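Read the structure below first, then the notes.
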Amino acid sequence: MTRFSSRARRILGALSLFIATTALAQPALVSDRIILRQVLQAMPKGGDLHNHLSGSVYAESYLRFAAEDKICVDSVKLTITQCATPEQLAADPAHATAIVPASTLFAPYSSLYGQMLDALSMRQFRSGIESGHDHFFNTFGKFSPVSRAHVPEMLTEDVWRLASENVDYVETIFAPDFGKARDLMKAATPGQSMAEARAAIMQSGQVPPIIAAARAVIDDAEARMRTNLNCGTAKALPGCESTVRYLYELHRGVPLQQLFAEMVVGYELASADSRVVGLNPVMPEDSYISMHDFDEQTRMFAFFHQLYPAIHLTTHAGELTPGLVPPEGLRNHIRDSVVIAGAQRIGHGVDVTYEDDAAALLSIMATRHVAVEVCLTSNDVILGVSGKAHPLRLYLAAGVPVALATDDPGVSRDDMTNQYMRAVQDQALDYTALKRLARNSLEYSFAEGDSLWINHKYDEVAAPCAKESGGAKTSETCSTFLAKNTKARIEWRLEQRLRQFEASWK
Ligand SMILES: [Zn+2]
């Protein structure tokens, strides 16, 4: 176990009493940011509830995958791409010669390597002609040619890196059917009701093979991740003890018929495979289709929620700012996601103060225990929202549960520890608040089974484990309860780890 130095203990003491927003800005304490980083890295932080699998992988890995796959990069457009065919070379020699094997990036003095890293992530990004928002979202298309073939390596990197900073539960957002759901929209006919369209897709006979293939992708990724991490051997790496769950990735910025077909597959997959705990619609919320179709998309969620009440839903909502969309676009996305679509968590929720009757909305979220996945780095680099402009403290003051999340740690080149750093330095949260956020990240997870806690109260332990002393040994009643309930089990593990962590600085 890590034993902290007296200096680290002093910082932790300061953290626990952290009230003044300026304390860490004092010159004498600036150097202690180094210690703060070490302390927060060592702190068990529970789970990451908002984590896009492809956005969690570093550009360096994507370039390595491209070289391994013997494909190319476009040295002008700065994207990973298939190599030029002889026909393309003949038709457009100038463009085709700009396409070079990815392996050439690793040659000495290659400036293209650095340019590609910048293009595939927020590395060294300086806002200019291209905004942070556009650069961020544009990265996904630049590495997509290699992401499909490397899911096991991507999962390994994501889970290992989070576990290395003491985050050992992750709900990663990922579509293991690789877009096959899209083809199913042809089975429905324009003008059909939602019930008719769903029935037509189900009757096409194409859903079961897509589900089977998607489950096989997850099986393979998990098995190969465990091999990559040397799990079960003396050389096991961080991540072997982690619990991984999946949120089926839907796309907001596509035609309604396609999104509908994705929903059919997503809800069926989540019903068939307990590792897929829910769904989450992604893509920029401010795009034309996302804004134009929002109300209809919400009605579609409401339809599926009635059919599949046990399947969880979290939605990106309120990842917007004034000016990015007209004012009326800021008025209802969070509320409608919660009230009509039945979302149990909200991703981002940045524009909450612009919603109609925001106070009542916050009260609804607090009463219904709808948690917000707060992604401080992502909101800063995509939306330019940070510090006092961020609604994190507003949510906390309203009693809305909050969990910190990374969103796309590979693209933003950041980690969960830095979310906690920002929470301390920019949002003035103390250790008690951080601990609550860590616990929230498991309590409001979609992990299956009962909670360790009664009514979300972190001082009321569920009856089977209520009499435990907190030591390593647990009664048979409690052990049986933990074995049956994943959520309680991961929460129990976090409590044990928090006790060890706190003991190291007392
Ligand atoms: Zn996201």
Side-chain angles (χ1 to χ4, degrees), residues 47-58 120-122 131-141 143-144 147 154 158 161-162 167 170-175 245-254 259 262 266 277-287 289-291 294 297 301 312-321 324-325 333-334 337-338 341 343-352 370-386 390-392 395 402-416 418-419 422 441 444-446:
D48 190 357
L49 301 184
H50 190 129
N51 171 287
H52 298 263
L53 182 59
S54 69
S56 300
V57 175
Y58 268 66
L120 265 51
S121 72
M122 297 304 285
S131 67
H133 171 286
D134 291 354
H135 186 81
F136 193 99
F137 284 113
N138 285 339
T139 61
F140 291 86
F143 52 67
S144 62
S147 55
M154 291 161 64
D158 193 16
R161 190 169 282 122
L162 283 167
V167 177
V170 57
E171 282 176 17
T172 193
I173 306 163
F174 166 55
R245 294 291 180 266
Y246 304 87
L247 294 169
Y248 182 79
E249 178 187 271
L250 302 163
H251 302 97
R252 269 203 193 285
V254 301
L259 177 60
E262 291 179 358
V277 290
L279 292 82
N280 192 338
V282 313
M283 291 176 76
E285 195 177 335
D286 58 293
S287 76
I289 292 183
S290 300
M291 294 301 291
F294 183 84
Q297 293 178 353
F301 277 118
H312 302 290
L313 175 69
T314 172
T315 64
H316 287 66
E319 192 183 7
L320 299 170
T321 53
L324 193 60
V325 296
H333 283 197
I334 301 173
S337 298
V338 172
Q344 293 154 292
R345 294 200 312 250
I346 291 295
H348 300 293
V350 171
D351 73 356
V352 65
V370 174
V372 184
E373 304 148 7
V374 167
C375 310
L376 293 171
T377 297
S378 166
N379 297 156
D380 189 4
V381 300
I382 296 177
L383 299 175
V385 174
S386 64
H390 198 284
L392 167 58
Y395 280 119
V402 168
L404 297 177
T406 60
D407 204 1
D408 298 278
V411 173
S412 59
R413 300 174 82 85
D414 206 16
D415 60 11
M416 184 68 90
N418 214 27
Q419 307 314 302
R422 282 173 178 262
S441 73
Y444 296 94
S445 76
F446 297 152

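This one's a predicted model, so the numbers in the text were calculated from it and none came from an experiment. Whatever order the structure lists ligands and atoms in, that order sets their numbers, starting from 1. If you read the sequence from its start, that first residue is 1, and numbering goes on from there.
The distance between the ring centers of His50 and His348 falls below 6.0 angstrom.
For the residue pair His316/Glu285, the side-chain donor-acceptor check at 3.5 Å is not satisfied.
Residues satisfying the side chain to side chain contact (heavy atoms under 4.5 Å, CB included) criterion with Arg161, sequence neighbours excluded, are Tyr58, Glu157. Scored by the side-chain hydrogen bond (donor to acceptor under 3.5 Å, both in side chains) test, Gln419 finds Thr377, Asp414 as partners (sequence neighbours excluded). In this structure Met283 satisfies the side chain to side chain contact (heavy atoms under 4.5 Å, CB included) test together with His251, Val254, sequence neighbours excluded.
Around the Zn ion (ligand 1), protein N, O or S atoms at less than 2.8 Å comprise His50 NE2, His52 NE2, His316 NE2, Asp407 OD1.
With respect to the salt-bridge test (charged N to carboxylate O, under 4.0 angstrom), the residues Glu373 and Arg345 qualify.
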